[in-house]
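Structure first, commentary second.
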Amino acid sequence: MSMPDLTTAPPAVRVGGNRTLTIVEAMREALREEMAAEDRVFVMGEDIVVGGAFLVTLGLAEDMGVDRVLNTPISENGFLGLAIGAAIEGLRPVVDMQYGDFLFTAADQLIQQASKLRYMSGGQVKIPLVLQLPTGASGRGAQHANSMESYFFGLPGIKIVTPSNPYDAKGLLKSSIRDDNVVLFIVHKHLYGSRGRALQHEQTSVGEVPGEEYLVPIGVGKVIEEGQDITVVANNVVLHHALNAASRLEGEGISVEVIDPRTLVPFDIDLVIESVEKTNRLLIVEENPARGGWGPWVISEVIRRAFYSIDAPIARLAANDTPIPFSPPLERASVPTEERIVEAIRQVIHG
Amino acid sequence: MSMPDLTTAPPAVRVGGNRTLTIVEAMREALREEMAAEDRVFVMGEDIVVGGAFLVTLGLAEDMGVDRVLNTPISENGFLGLAIGAAIEGLRPVVDMQYGDFLFTAADQLIQQASKLRYMSGGQVKIPLVLQLPTGASGRGAQHANSMESYFFGLPGIKIVTPSNPYDAKGLLKSSIRDDNVVLFIVHKHLYGSRGRALQHEQTSVGEVPGEEYLVPIGVGKVIEEGQDITVVANNVVLHHALNAASRLEGEGISVEVIDPRTLVPFDIDLVIESVEKTNRLLIVEENPARGGWGPWVISEVIRRAFYSIDAPIARLAANDTPIPFSPPLERASVPTEERIVEAIRQVIHG
Amino acid sequence: MPVTVSRLRIPPEQAVGPIDLLPTETLKGVYRMMFLIREFETVVNHLFLRGRVPGTIHLCRGQEATLVGTMVALDKEDRITLTHRGHGQALAKGVDPAGLLAELMGRAGGVCRGMGGSLHVGDWSVGALPAIAIVGASSPIATGLALAAKRQGTGRVTCNFFGDGTASKGELHEAMNLAAVWELPVVFLCENNVYAATTHISEYMKNEYVSERAAAYRMPGVSVYGNDPLAVYEAVKVAVDQARAGGGPSLVECLTYRRDGHKRDDPAAYRDDREVEAWLKTDPIPAFRNRLREESGVLQEELAAIEASVEDELIAAQGFAHQSPYPDVQQRLSYVYA
Amino acid sequence: MPVTVSRLRIPPEQAVGPIDLLPTETLKGVYRMMFLIREFETVVNHLFLRGRVPGTIHLCRGQEATLVGTMVALDKEDRITLTHRGHGQALAKGVDPAGLLAELMGRAGGVCRGMGGSLHVGDWSVGALPAIAIVGASSPIATGLALAAKRQGTGRVTCNFFGDGTASKGELHEAMNLAAVWELPVVFLCENNVYAATTHISEYMKNEYVSERAAAYRMPGVSVYGNDPLAVYEAVKVAVDQARAGGGPSLVECLTYRRDGHKRDDPAAYRDDREVEAWLKTDPIPAFRNRLREESGVLQEELAAIEASVEDELIAAQGFAHQSPYPDVQQRLSYVYA
Ligand SMILES: Cc1ncc(C[n+]2csc(CCOP(=O)(O)OP(=O)(O)O)c2C)c(N)n1
Ligand SMILES: Cc1ncc(C[n+]2csc(CCOP(=O)(O)OP(=O)(O)O)c2C)c(N)n1
Ligand SMILES: [Mg+2]
Ligand SMILES: [Mg+2]
């Protein structure tokens, strides 16, 4: 797979100075920079002229024109297919799916077309296409709570990116737009939020973003907290819970290494293996239902490649194998929380 | 989950005498019996009046009427949704998707509607619905080669059944039709075939079917071959490869226990754990791409529940993480074969 | 070609239905239900702003005449499918306001036991299929309810509510074709409120009317003024009668307007002032109230009594909802399988 | 209502286009291509029956006039999207028969290097997007090719082939609406051959013509006799010119017929004898051959020479395809990512 390369990348707008941004602001900057640097980039989706469901495109239509920030009819199948066609002709569409959940009404265009056309044609075409898919449970009931990464993790021919902070969100979105492949750009709904509005969780999705241009490469995970006793791999919003859990356990003398894979496809499995070879224990945390997701695959790889380094059964936290219930106490009980992560770590350590 | 119960089940047509049937004939019998016993059962799909893509409904329209063997327009989204509505009203539709692959054009109806409506309504409705989904690679290129079970294994709210022989196909189809839930009935394309036509593989999909009525319960796996040295779990067409491999390895003094889970959701994980506690070694074989499928989840459960019984890294064979290529030698090289299973078993045993 | 489509969509004039279409008692019932929906939504908005209704809400204030006019044309035994903007559809079909409100608040006493919330309200025991929030997805399902009615000979008609924005979804088209080909007793009922979320209808449709699309399937299509319940009733009744008589589906488009933004936090600043002004003058509730007084001679006091009874009902509903507990967390593991 | 739709679909009479629409040289080229497609398919069928073409095949014998008439109306730089029945579409757009045949045989020299097979043939270098076998899915993609042409100012038009059965797919409707709203240069080209696999058109459509559905999006829709290349050319040219001039999309329906079954093993026994008889008489190839002789004065010898050159080309193509090796198995890991 080709990695974006800053040296050959088109020059982008410099913004200057380190700033504290939300994920939404960081994504907006990435879009703005890439659109300024490259004419062929454009955004399309429902209601994005006025900012879209999460305000990612706020102000963009005014600056870039409604031809490059394109409001679509409610025709997910139609406009995702249209984006594929445009990409085949050399344009670089970014499709805002409003809620990732709506992608299911266009699933064939992703599963059968976007991910396979290059392969079936023997490399005749390429499809540089980014799908923005807000994911996860956020108080709206089961049809707006799917973990999109879970459904498409096993689909060959696409990349999946799941940043959990503004720095990664900007750097990865820029890399995704420059990538010549289909990239699912998946951010948990609870990580969106503007600076003015209260975030839904204690941990924030606000962070430092440099003014200088930078990219975060697709396929490279990151050790967020170093530790000795156990490796915890988590992404999206549950990563923040894991980080909180790690801090709490420090007091108990448990040293937790927390890894954010940042991208799921390709997955930086080497980083996890390396860490597990040091800590000899592993916990995986995902928000998707337990039967799905990327965690089981990571476990199967760890068992294959580092079986003799593992000292205790590998633990995993995920949502119940149910749709997500609406009632807030039920929703909270359905997904991994800081509390449950703390308990799971204790159990792996103390047996 | 409710299990079908022969004692309360409606009386069915007796066919009498043990016969050797193909999977297609066995499924046809199941449909015929269930339709005769229960008015509310009907079949719908493209071209099924003349038998459908795999001749499963051959002759049924003549006997049951075109009102109960209903040709649909090419409107997968429309007729799957329609079947959901009919099921809510108490009918018991069996939807023939022609090729499972076409379901992606109706994915929302399965993922967001059929699997969730009961839950979101707090149990107000139930949806007794069977989808027939021929699956897997069979020489037609990537868009007709998806492993349907892989995409939906992680979806809560449905059941998934994958018989590999006529006996199970008939018994499980009858149970599926009597089940009050959404059941994906998934048979590999290479296992279809009429007795007159040469099957694509050496191993056959022809087998004994009793004349007496019987059901095979959903959720119960089966040890097909007993063995001591290693457990192999495989289903669908690769199960037949695994059985061939097991026979070959007998000569080398390797005793292989082969398990057919038969249904993936619910998965009879206890049966696998029990076996692994005896053999201490495990190989999983699936046709879907390596990043997907049910295998990783089984590994994660085995590690969680039987970690200390495992003597060697758990092995797994699956397809490449690519779409399925058309050219026959490339397709063969992409999926697990008898040869590769033999090698994999040798490697687990000899390290 | 290309046809120029007018951006300005103002209410059609002189489009009300004859007052003597329905007996006065029924008309009073229509008024009561319109008023109940309006007040219910106002309560919901209030509770939402005070943080008592979690998640998101889509209010239907302004569209009450369409909902109630449609429902009067249906029988009690008939079925409806609901949209994301479903509170009023549910109430008009006879869903209990107390259970509805409790549902919005995620309480055990909710019509869906708290499992659905605002986006999924409904009560199947009164024929209101708990709402489907994926737009377009309900149309095939509604068609399936109709198929069952035809097979089972129940004589039931299904009414599939959808919005003007939803008319761009392929699912609707597949469903309309299926219903036409199989002559199923379904009425496709478009609440055309000029917007899909923040987007004006002229941005997603070249047609002046959604009902133009019915001809593509050789089914009747008609557009009526949606802010008068009698105009709506008149058109829907024709469609329902045809469906019940075995004549197959129809498409009825009701031209109406959202008085609020699309959802909870939307000020609807994207709307044209002239358009907003023209429509806000047509508030269906005072308009129908006036018609009742002037054309049917219903007394001011009678109307006041109706309104008071609605307020009482809503106070009781709020009491019920607030007192209803949250469901036990174990309930999250129920209702996955039958 | 309901409208009764005739089950019998016989060829329209007197529906050929004027012979002087195109210069004689072009007409000869049209004939050559029609003949090439027919003979190519005959070779494919032969090889399939001998087990040299793996997988499945969908032949287009009988539909040649529609394909070639359409292609003459397009420029070389224009784009087409292909269906599962795509061999003839590919050839008509200029895909090399040798590479095409090698593709069907899964060989390294195939136009898609053996990765696609019969269901996915195409050569993007001549504007034929490798075929999409999921019916309906190509319409949005074609619309995207057209969007790019409009943005890039290339003046290109995209022609989206689809079948009468595919007209029941929602994707097509979403694409038609998008193309209409955004005035994109695309022609929706329906090859109406009366069947969707084994199912007769009257089973899935109340309409007499697929083109009736264009009005639902306020775009022009027309139906023409599809077994005469000039009738097809005439109609498609109007649509292409409009699209190229910025006037947006059209729907052109060509009424034609499959001479074979739906696919490899289908004897097509489900067809009505009268229908089959009426259509088989209209074989486009001898009919156009006669027109060339009678109306354009093309000599028998000229036609024979054309036919001989086609046979030579196909012999060479077979030689190429048979000699082309299977791809190295490592190639299966290529082309997943760019
Ligand atoms: C398939 C799908 N796409 C997008 C959405 C998000 N969404 C919810 S309501 C809405 C607008 C619907 O417009 P319309 O059909 O006119 O109904 P209205 O809201 O005006 O009642 C959108 C885009 C959705 N729920 N489902
Ligand atoms: C979404 C989808 N459903 C079903 C099929 C299976 N299928 C392949 S061709 C065909 C019939 C298509 O009919 P039509 O559009 O009229 O094209 P024709 O075959 O007549 O050229 C069907 C049902 C498919 N390829 N894709
Ligand atoms: Mg609307
Ligand atoms: Mg056809």
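Since the structure is predicted, the reported quantities are computational estimates derived from the model, not experimental observations. Labels below follow one simple rule: chain letters A, B, ... track the order of the sequence lines, proteins then strands, and each chain is numbered from 1.
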Using heavy-atom distances under 4.5 Å, tell me whether [X] contacts chain A through its side chain, its backbone, both, or neither.
X	result
B:F307	side chain
B:S150	neither
B:L103	neither
B:D101	both
B:A319	neither
B:S115	backbone
B:F326	neither

- request: Check B:R291 against A:F153 and note the closest heavy-atom contact, atom names and distance.
  value: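 Distance-wise, the nearest heavy atoms are NE-O, 2.9 Å.
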message: As a test of understanding, state which of A:I310, A:V302, A:I303 forms a side chain to side chain contact (heavy atoms under 4.5 Å, CB included) with B:I303.
response: A:I303
- line: One option among B:Q143, B:Q113, B:M120 has the most heavy-atom pairs under 4.5 Å with chain A, and it is B:Q143
Which of B:S300, B:A106, B:G141 touches chain A most, by non-hydrogen pairs under 4.5 Å: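 The candidate making the most pairs under 4.5 Å is B:S300.
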For residues [X] and [Y], determine if any side-chain heavy atom of one lies less than 4.5 Å from a side-chain heavy atom of the other.
X	Y	answer
A:Y119	B:I324	no
A:R316	B:R304	no
B:N146	A:K116	yes

task: Go through the atoms of A:Y308 and report whether side chain, backbone, both or neither lie under 4.5 Å from a heavy atom of chain B.
output: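 Side chain only.
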- request: Sort A:A315 into side chain, backbone, both or neither according to what part of it lies under 4.5 angstrom from a heavy atom of chain B.
  value: neither
Looking at [options], which one has more heavy-atom pairs under 4.5 Å with chain B than the rest?
options	answer
A:A306, A:A142, A:A107	A:A142
A:I314, A:I111, A:I299	A:I111
A:G295, A:G154, A:P156	A:P156
A:I284, A:L155, A:L110, A:N77	A:L155

- request: Look at atom CD of B:E343 and say whether more than 12 heavy atoms of other residues, nucleotides or ligands are closer to it than 6.0 Å.
  value: yes
